[in-house]
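So the structure is just underneath, and the comments pick up after that.
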Amino acid sequence: MAAVPQTLEPVKLGSGYNTPWWASALKWGLIAAALALAAYVVQRLVANGSWLGVVITAFILLCILAVYATRRAIPMKYLLPGLILLVSLQIWPIVYTVATAFTNYGQGHTLSKQEAIDINVANSVKEVEGSERFKLSIAVPEGGDVATADLAFLLTKPDGSTYVGTKKGLEPLPADGVEKTDTGKITKAPGYTILNAREANKRSADLKAFAVPVSDTAGIKSVGISAAFQGAPTLKYDAAADTMTDTSVTPNVVYSPKNAYFTAPDGKTLATGWKENVGTKNFKTLLTNETIRAGFLKIFLWNVAFAAISVLSTFLLGMLLALLFNDPKLKGKGFYRSLLILPYAIPGFVTALVWASMFNQEFGLVNTLTHLNVDWLGNAWAAKAAILITNLWLGFPYMFLVCTGALQSIPSDVKEAAKIDGAGPFRTLRSITMPLLLVAVGPLLIASFAFNFNNFSLIYLLTQGGPFQSGDTSIGSTDLLITYAFRLAFSGASPNIGLASAVCIFIFFIVALMSYSGFRRTAQLEEVN
């Protein structure tokens, strides 16, 4: 046997460990990739004038360098990716939603006031009588995204001279490298990417708002995508008085700021408004507007009923099936369990669309098999029943799986002891199985309630919130609060994202209060163990 050494030198960790060269190369390669990505993002943010985004990107990059460029902060090397994703995907959307709820952000109110002024003035440009027209090619700076980069006008005058027009003004375009058609339209110019017809049409809104300033009172506007003219705006902005004056009519009409629009004395407004802080106006609207308040209360009651009935029905059916297939005397349990989880394996949006076709009044499978003539999706109560039936089909496999796992974790000796004490099957189920089952599934029932409270996809795909009554398409018979918020934000004649954000805040507090109360009650179940 080898002699045992009298003393053992302690192993030095950290400084005595040599990192393989490939690991170091990989680490610094990833850091370099992060630097390159950050540089690209910063470049795009600077081009868009988003200085807050530049600061945030730089801060994240400094955190990456501080954590991964040294051998210190070992735990943070694992936590930092999760923290970045948590802030970007969870915390920031919440903060942005809350901030939006205190604004008028929505249709016609998406820009700053200065941007609204510029667009209104640009849209008022009319051709100067007797002015010459230009051959036009629409372009963006070379390397820029054709869908988002700043526009540039490549112009050819009747005398053949070429110019480039940007939001900064009009400058001569050197002839070197410029290619033109026989009509004078520029097809190639160094430093620019010329948009084709499809790309230009996709930016029609930007073209409508874009004008090349020539002087304080004139600019160049496009006519379609192949010609441009020199015009002068009919609207003039007075910064001292904060008013817009329309000089195209006599007498001139003065527009003053009102409700984030420039408004004339007769109530007429200019097309483009601006985003501004409105305080608690959106919350007051939800609480005081009679139409919205009545609809909000009706939607809230149905929302709670839908979530509660969905959880209760799916849990009861899933639990009963789990109890049935947990019987040791039953043969082929694995096969039956596989069949029961098939609805859970199919994507929910596919199932919702299939059930929507099955509930069709004239050709649907449900009416065909039952020989009924129920207007499942056109009658308010029938539509609610159709939604609950569809959600039962979608939800019971999940509860079945959860209850199956919870039942198999209950010790068999507890049931044997109850049987010896003379307890029958129902008494064992009520006093032994159910309490132990609820210990495991209680928190999941609360999570399921919260999920169904905001089950947007099922409602939207099955009924889209309908049926609607009396021609009012703002509030449907099967709307949940989340689908109502979606309709406020993205549908209708004047989408109001600020008001929809206020609805989302109400939803958050409602679900939070209900979940808090539920978790307080489920904590009592821990005493069962």
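This structure is a prediction, so every number in the text was calculated from the model and none was measured. We number each residue from 1, following the sequence as shown.
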Side-chain H-bond candidate by donor/acceptor type, D479 with T483, under 3.5 Å: yes

Distance-only side-chain donor-acceptor flag, Y105 / N496, under 3.5 Å: no

How about [X] and [Y]: do any of their side-chain heavy atoms sit closer than 4.5 Å?
X	Y	value
R133	V223	yes
V41	R44	no
E132	K157	yes
L136	L155	yes
P190	V178	yes
V212	Y163	no
M244	S124	no
N391	F306	yes

Criterion side chain to side chain contact (heavy atoms under 4.5 Å, CB included) against F453, the qualifying member of N303, I482, L480: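 Only one option passes, and that is N303.
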
Option passing side chain to side chain contact (heavy atoms under 4.5 Å, CB included) with M358 (candidates L353, N367, L365):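 By the side chain to side chain contact (heavy atoms under 4.5 Å, CB included) criterion, M358 pairs with just one of L353, N367, L365: L365.
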
Working for side chain to side chain contact (heavy atoms under 4.5 Å, CB included), residues I346 and V354: CA-CA 11 Å; I346 300 174; V354 170; over 6 Å; no

Nearest-0.5 Å distance that lies between atom [atom1] in [X] and atom [atom2] in [Y]:
X	Y	atom1	atom2	result
L170	Q230	CG	CD	8.5 Å
Y484	I507	OH	CD1	11.0 Å
I119	L111	CD1	CG	4.5 Å
L65	I60	CG	CD1	12.0 Å
L61	T57	CG	OG1	9.0 Å
I292	L297	CD1	CG	13.5 Å

Indicate the ring-plane relationship of [X] and [Y], choosing parallel, tilted or perpendicular according to the 30° and 60° boundaries.
X	Y	result
F359	W376	tilted
F102	F283	tilted
F486	F490	tilted
Y237	F262	perpendicular

Closest non-hydrogen atom pair, [X] against [Y]:
X	Y	result
H109	Y261	NE2-CE1, 3.1 Å
W28	A69	CH2-CB, 3.9 Å
F210	T166	CZ-C, 3.9 Å
Y255	K268	CE2-O, 3.6 Å
P467	N379	CG-C, 3.8 Å
T478	A380	CG2-O, 4.4 Å

Side chain of [X], backbone of [Y]: donor and acceptor closer than 3.5 Å?
X	Y	answer
N104	W274	yes
T187	E179	yes
T181	K185	yes
N252	T245	no
T162	L173	yes

Trace of the side chain to side chain contact (heavy atoms under 4.5 Å, CB included) decision for F300 with I510: CA-CA 10 Å; F300 172 72; I510 290 169; 3.6 Å; yes

Under 6.0 Å from the [atom1] atom of [X], do we count more than 12 heavy atoms belonging to anything else shown?
X	atom1	value
D266	CG	yes
K27	NZ	yes
K236	NZ	no
Q90	CD	no
K298	NZ	yes
K77	NZ	yes

Step-by-step side chain to side chain contact (heavy atoms under 4.5 Å, CB included) determination, F506 to L481: CA-CA 9 Å; F506 274 108; L481 292 175; 6.0 Å; no

Criterion salt bridge (charged side-chain N to carboxylate O under 4.0 Å, His left out) on R293 and E290, from CA distance to verdict: CA-CA 5 Å; R293 185 172 61 180; E290 290 296 333; 2.6 Å; yes

Side chain to side chain contact (heavy atoms under 4.5 Å, CB included) between S457 and N455, worked out: CA-CA 6 Å; S457 59; N455 197 341; 3.6 Å; yes

